[in-house]
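Remarks on the structure that follows.
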Amino acid sequence: MDYSIISIKSVPTEEQGTLSFFEGERDLPFQIKRIYYIHHVSAGIKRGAHAHKTLQQMLFCPYGSVTIILTDGKTKEEILLDDPCKGLVLEPGLWRDMVWNIDNSVLCVAASQYYDKDDYIRDYDEYLEYLKTQKDIVK
Ligand code: TYD
């Protein structure tokens with residue numbers, strides 16, 4: 001499946017916590033054009049239910065715990081984001097759901113493009129049809 005887990009660079013300090021950072025193109029396989037984050041979500045809430053046609057993203061959870069459920073139309077995988085130093089890089093074409101495991105967990109996303117509602121596929125059957133069209137395209 002077209003994703004990777006990255007270890008976000010982190011600098012621990014003596015009794016003063018840890019500073020984590022990443023830079024577009026150096027630490028991520030894309031230039032960052034947008035950052036957004038989802039917060040004030042109660043445990044048990046599920047969001048997402050969409051795929052992107054071209055958007056690349058890096059998801060991380062600086063506070064709390066969120067499970068990312070991915071499918072490429074054939075297999076399903078779950079990635080637990082419960083560590084501020086763990087990043088999930090998603091390439092385009094994956095269907096994702098996100099489940100909040102703990103109240104007020106924060107999910108942050110660095111994205112390769114500005115917001116574009118036309119980049120979303122929000123209907124699962126439409127997503128499966130979209131995948132069929134992509135198979136014919138030689139990359
Ligand atoms: P959406 O991506 O559907 O959130 P989730 O995947 O967490 O369920 O976005 C929710 C709403 O926010 C939707 O109306 C689109 C809007 N939105 C923006 O206006 N700009 C953005 O950068 C993003 C990510 C969403």
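In listed order, ligands and their atoms are each counted from 1. As the structure is a computational prediction, the values presented were derived from the model and not from experiment.
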- Distance under 6.0 Å and angle within 45° of the ring axis: does Lys9 meet both against Phe21? no

- Message: Once ring-ring contact (aromatic ring centres under 6.0 Å, His included) is applied, what residue pairs with a partner in residues 64-92 remain, sequence neighbours excluded?
- Response: none

- Task: Could you name the protein residues that come within less than 4.0 Å of ligand 1, counting only heavy atoms, and order them by chain and residue number?
- Result: Arg34, Tyr36, Ile38, Arg47, Gly48, His50, Met98, Tyr115, Tyr120, Arg122

- How would you list all residue pairs meeting side-chain hydrogen bond (donor to acceptor under 3.5 Å, both in side chains) that involve residues 94-110, not counting sequence neighbours? Gln57-Arg96, Ser65-Asn101, Thr67-Asn101

- Message: Please verify the inter-ring angle class for Tyr124 with Tyr127; under 30° counts as parallel, over 60° as perpendicular, anything in between as tilted.
- Response: tilted

Which side-chain N or O atoms in residues 37-44 pair as donor and acceptor under 3.5 Å with protein atoms at least two apart or in another chain?
none

- Message: What verdict does the ring pair (Phe, Tyr, Trp, His ring centres under 6.0 Å) test give for Phe60 and Phe22, after you've listed the backbone C-alpha separation in whole Å, the side-chain angles of each residue and the deciding distance to 0.1 Å?
- Response: CA-CA 11 Å; Phe60 61 105; Phe22 54 87; 5.3 Å; yes

